[in-house]
There are 4 protein chains.
Amino acid sequence: MLHLSINQTDGVPIYRQLTQQITHLIASGRLTPETEMPSVRALAQQLLVNPNTVVRAYRELETAGLLYKKQGAGTYVAPQTATPYTEEECRRLLSERAEALLMEGWRLGYGVERIIELVRECNEQLWGQGGAHKEEESS
Amino acid sequence: MLHLSINQTDGVPIYRQLTQQITHLIASGRLTPETEMPSVRALAQQLLVNPNTVVRAYRELETAGLLYKKQGAGTYVAPQTATPYTEEECRRLLSERAEALLMEGWRLGYGVERIIELVRECNEQLWGQGGAHKEEESS
Amino acid sequence: MLHLSINQTDGVPIYRQLTQQITHLIASGRLTPETEMPSVRALAQQLLVNPNTVVRAYRELETAGLLYKKQGAGTYVAPQTATPYTEEECRRLLSERAEALLMEGWRLGYGVERIIELVRECNEQLWGQGGAHKEEESS
Amino acid sequence: MLHLSINQTDGVPIYRQLTQQITHLIASGRLTPETEMPSVRALAQQLLVNPNTVVRAYRELETAGLLYKKQGAGTYVAPQTATPYTEEECRRLLSERAEALLMEGWRLGYGVERIIELVRECNEQLWGQGGAHKEEESS
DNA sequence: GTGGTCTAGACCACA
DNA sequence: GTGGTCTAGACCACG
């Protein structure tokens, strides 16, 4: 099961949220070449979006060379052609979001420490306190 | 100087980024009634944005009752009519972003602790280590 | 008025017929850079197809670098980046069709001369006998 | 050896190219009743196509009454039941292709005469100048 | 007015 | 079952 999160209300086109997140999963090595992607219909149902939206995301990723399709047999992660993200790129991607979070916090009167506290709480809600996903630290 | 940050590339309409952020500033009390807003031209120049975009944001905020115009004398924050954000609403707004940050981190192979570390670094870059904005904690 | 001809019944996706024909028009110099393309809606109406089909064709031509869009102001032919067709390429493109025509003629019992006769007749029907489009010979 | 030409890249389903061309061969009398068709495997190999595709084409032609199978003994052209193409139908079929050729030529800057010249050249390449298939003129 | 996105649902091709 | 294409119509962003 792919961990993809889409936001229906923030104005970012859904197909773009998908292409971005899948790109990141591939570039970070979480999705390895030859992995079978969920079918268009399955992913559409999982995310509660229209299948055509998934079709478009898959198509753009295919033209970008990140996915490929086997006739009538599904969609697969293409063998690595582009170089994966460097540590530097990852930091930049995440810094953008972290910065947005801090700014928003500031606007609402939250300081760093309260933000971080909130991040911890969200993390526990997402993964459960049981220590699941602990291995993420090292991957 | 207003702390507004816009992102030209993420697909979110600029006018909407503006209305949202200004709304938050007002709702959290950071922008108080009768404060004069920057002129359309000034803000457009500051943000490197088409003046029409600022016009639209101001217009929508005026319709919403958050701003008002004095003929020929500028745009001002309206007296508080709507209730400001509750603690609950603030948490929800920020949690959304925190969650998106955590998910993106997971996709790129970052765990909570490395994310938090990154948040601290971003914070220092934003405000400088010198302790500026220290007062944010208490507001 | 663009001379585009689509065939709803031959199984070739309409968007592909469009991209191919427009590509040829550009590559052969019949559509010059900075020419404004017909609007999505106008072309859809002219060809009696769904606007989304035209949207798709335009989008693919844009990612291919042959067209570009001005925000809210229409679609334009991009400055020539790719090299236009060589005489050789034109011949190859047309030879494929000519060959298909000859094969089909053969299957139906038509020899070369009757085929050529038919081509002449079609030509007159298309452009009228009055000599319109005579200048095509030299362009 | 059947003269069938398939195009893997133009989007027309292969099985349909096959059914169409075989239909034309039968309707024009080039394939006479009780002629044995090539085996599925042989034709698939000749055309470099998946055998299932040939199976499908044969199946549709069988349903249409143009072919029939002798159990374990191959596939045969059925006795003429449907009326063969009239002169009128042939012209229409060929005119479509001729028109497409002329339009494409126009887009690429070719006039009628150059198109016809090209048709003659293709014809010679296809059959050789030696006069093979000369009899086609009279069939 | 322009293009951009999305939905819902249809039909087709391929394995 | 898979993906591919198309339609009809909605709503949005931008000028």
Side-chain angles (χ1 to χ4, degrees), chain A residues 6 8-19 36-45 47-62 67-76, chain B residues 8 11-19 49-57 60, chain C residues 6 8-19 36-45 47-63 67-76, chain D residues 8 11-19 49-57 59-60:
Chain A
I6 66 164
Q8 292 269 14
T9 67
D10 69 359
V12 181
I14 297 171
Y15 81 89
R16 205 178 273 275
Q17 298 182 44
L18 292 180
T19 53
E36 181 171 5
M37 296 294 291
S39 79
V40 168
R41 289 161 172 89
L43 189 53
Q45 191 171 19
L47 301 173
L48 302 175
V49 300
N50 187 289
N52 279 334
T53 305
V54 178
V55 165
R56 176 160 183 193
Y58 276 13
R59 182 165 53 226
E60 304 221 338
L61 289 165
E62 192 186 7
L67 301 180
Y68 71 93
K69 296 186 201 301
K70 293 184 187 169
Q71 263 294 18
T75 301
Y76 296 80
Chain B
Q8 290 271 14
V12 182
I14 296 168
Y15 85 91
R16 206 196 256 251
Q17 298 183 43
L18 293 180
T19 54
V49 156
N50 188 308
N52 279 331
T53 306
V54 179
V55 167
R56 174 157 187 190
E60 303 220 342
Chain C
I6 67 164
Q8 291 270 14
T9 67
D10 70 357
V12 181
I14 296 171
Y15 81 90
R16 203 178 273 274
Q17 298 183 43
L18 293 179
T19 53
E36 182 171 4
M37 296 293 291
S39 80
V40 168
R41 290 163 172 88
L43 190 52
Q45 192 171 19
L47 301 173
L48 303 175
V49 300
N50 188 287
N52 279 334
T53 304
V54 178
V55 165
R56 177 161 182 193
Y58 276 14
R59 182 165 56 227
E60 304 220 339
L61 288 165
E62 193 186 7
T63 65
L67 301 180
Y68 70 93
K69 297 184 200 303
K70 293 183 186 168
Q71 262 295 18
T75 302
Y76 295 81
Chain D
Q8 290 271 13
V12 181
I14 296 169
Y15 84 91
R16 208 197 255 248
Q17 299 184 42
L18 293 180
T19 53
V49 156
N50 188 306
N52 280 332
T53 306
V54 178
V55 166
R56 175 157 186 191
R59 178 169 17 96
E60 304 220 341

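Just so you know, these numbers come straight off a predicted model, no measurement behind them. Reminder, nothing fancy here: chain letters follow the sequence lines and each chain counts from 1.
Listed by chain and number, the residues in a side-chain hydrogen bond (donor to acceptor under 3.5 Å, both in side chains) with A:Tyr68 are A:Glu34 (sequence neighbours excluded). Residues passing the side chain to side chain contact (heavy atoms under 4.5 Å, CB included) test with A:Gln8 are A:Ile6, A:Ile14, A:Val49, sequence neighbours excluded. For A:Arg56, the side-chain hydrogen bond (donor to acceptor under 3.5 Å, both in side chains) criterion is met by A:Tyr15, A:Glu60, not counting sequence neighbours. A:Asn50 pairs by the side chain to side chain contact (heavy atoms under 4.5 Å, CB included) definition with A:Asn52, A:Thr53, not counting sequence neighbours.
Atom CZ of B:Arg56 is separated from atom P of F:dG15 by 11 Å (rounded to the nearest Å). Rounded to an integer number of Å, the gap from C:Tyr76 OH to F:dG15 P is 13 Å.
In this structure, A:Met37 and C:Asn50 both approach DNA chain F, and ranking their closest nucleotides by distance from the 5' end singles out A:Met37. Nearer to the 5' terminus of DNA chain E, by closest-nucleotide assignment, is the contact made by C:Glu36 (compared with the other of C:Asn52 and C:Glu36). Each of B:Arg16 and C:Ile14 was matched to the nucleotide of DNA chain F holding its nearest heavy atom; the match closer to the 5' end belongs to C:Ile14. Mapping C:Gly74 and A:Leu48 onto DNA chain E via the closest heavy atom, the residue that lands nearer the 5' end is C:Gly74.
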Applying side chain to side chain contact (heavy atoms under 4.5 Å, CB included), run through A:Glu36 and A:Thr75 and close with a yes or a no. CA-CA 6 Å; A:Glu36 181 171 5; A:Thr75 301; over 6 Å; no
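For the pair C:Leu67 and C:Met37, the tightest heavy-atom approach, listed with the atom from each and the gap, is CD2-CG, 3.9 Å.
Nucleotides of DNA chain E with any atom under 4.0 Å from a heavy atom of chain A span, from 5' to 3', E:dT5 to E:dA15.
With C:Tyr58 as the aromatic partner, C:Lys69 does not meet the cation-pi criteria of under 6.0 angstrom to the ring centre and within 45 degrees of the ring axis.
Once rounded to the nearest 0.5 Å, the distance linking CG of A:Leu18 with CG of A:Leu61 reads 8.5 Å.
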Can you give the dot-bracket line for DNA chain F, using ( ) for pairs inside the strand, [ ] for pairs that cross earlier ones, | for pairs with another strand and . for unpaired bases, where Watson-Crick and G-U count if both distances are under 3.5 Å? ||||||||||||||.
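Looking at heavy-atom distances under 4.0 Å, D:Thr53 makes no contact with the nucleic acid at all.
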